[in-house]
**Q** 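One structure coming up, written as structure tokens, with questions to follow.
So you know, we letter chains A, B, ... as the sequences are listed, proteins then strands, and number each from 1.
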Amino acid sequence: KQEVTQIPAALSVPEGENLVLNCSFTDSAIYNLQWFRQDPGKGLTSLLLIQSSQREQTSGRLNASLDKSSGRSTLYIAASQPGDSATYLCAVSLMDSNYQLIWGAGTKLIIKP
Amino acid sequence: AAGVIQSPRHLIKEKRETATLKCYPIPRHDTVYWYQQGPGQDPQFLISFYEKMQSDKGSIPDRFSAQQFSDYHSELNMSSLELGDSALYFCASSLKQATGELFFGEGSRLTVL
């Protein structure tokens, strides 16, 4: 059974720092991996999608990497800003499930001004 | 660009009442997913539809039912509501033959009193 773990559960850093959020999964037979952002009580905003054949994706100050063989993904946020404060969730799409997502519990990120 | 539209955004019901949530996927997307996210929890997969047919079933209670209509919009029907049904309900859509990326709506917040 696929399990997704995110470490740390919470992270607080000063504004301007670079940071890394971690996501690990137990079964490497994934179709893709997505990183989402969720503000309190709000919807899920897709940040980056990495296909299983890819190693990384970049969007602005965000860079996500994928090492499928070791079951790990990282989300790198450069030059953090207070507006980056949110919960970040990673989710893997199973190979034979019409893209059903298995979610991590998220990392709650606080960027201090 | 058009996104996934969910309605209503907020809904308050009493125990044992019924509720219906609606989802309008991104145009030309052929797959719809429903997720339930309880307070402080990660989203849980309920059910999905591909081309108006149920494709996968997750942890959807027997009191809940869903369908996808000819115009591809989907409805989640919840009966005999319980306090524990209070949650944020997300709908997502994707195009099966594309990247497998799921696009989420803003969610419908159900509160059962």
**Q** For each of Gln41(B), Gln37(B), Arg109(B), Gln6(B), tally heavy-atom pairs with chain A at distances under 4.5 Å, and name the one with the top tally.
**A**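 Looking at each of Gln41(B), Gln37(B), Arg109(B), Gln6(B) in turn, Gln37(B) comes out on top.
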
**Q** Under 6.0 Å from the NZ atom of Lys52(B), do we count more than 12 heavy atoms belonging to anything else shown?
**A**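 Atom NZ in Lys52(B) is crowded, with more than 12 foreign heavy atoms closer than 6.0 Å.
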
**Q** Can you tell me if CG on Asp62(B) sees more than 12 non-hydrogen neighbours from other groups inside 6.0 Å?
**A** no

**Q** side-chain contact (heavy atoms from CB on, under 4.5 Å), that's the test. Do Gln6(A) and Asp42(B) meet it? Break it down for me.
**A** CA-CA 11 Å; Gln6(A) 290 188 246; Asp42(B) 53 284; over 6 Å; no

**Q** Using a 4.5 Å cut-off on heavy atoms from C-beta on, say whether the side chain of Leu89(A) contacts that of Pro43(B).
**A**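 Yes. Closest side-chain heavy atoms under 4.5 Å.
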
**Q** Should the heavy atoms of other residues, nucleotides or ligands under 6.0 Å from NZ of Lys108(A) be counted, would the total exceed 12?
**A** no

**Q** Stepwise, does the ring pair (Phe, Tyr, Trp, His ring centres under 6.0 Å) test hold for Phe104(B) with Trp103(A)?
**A** CA-CA 14 Å; Phe104(B) 282 79; Trp103(A) 298 81; 5.6 Å; yes

**Q** Is the number of heavy atoms from other residues, nucleotides or ligands under 6.0 Å of Arg55(A) CZ greater than 12?
**A** no

**Q** Is there a side-chain contact between Leu101(A) and Tyr33(B) (heavy atoms, below 4.5 Å)?
**A**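 No, too far: nothing below the 4.5 Å cut-off.
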
**Q** Would you tabulate the side-chain donor-acceptor contacts of residues 41-51 of chain A under 3.5 Å, counting partners in other chains and residues two or more places apart, or write 'none'?
**A**
residue  : atom : partner   : partner atom : Å
Ser46(A) : OG   : Gln34(A)  : NE2          : 3.2
Ser46(A) : OG   : Glu101(B) : OE2          : 3.0
Gln51(A) : NE2  : Thr99(B)  : O            : 2.7

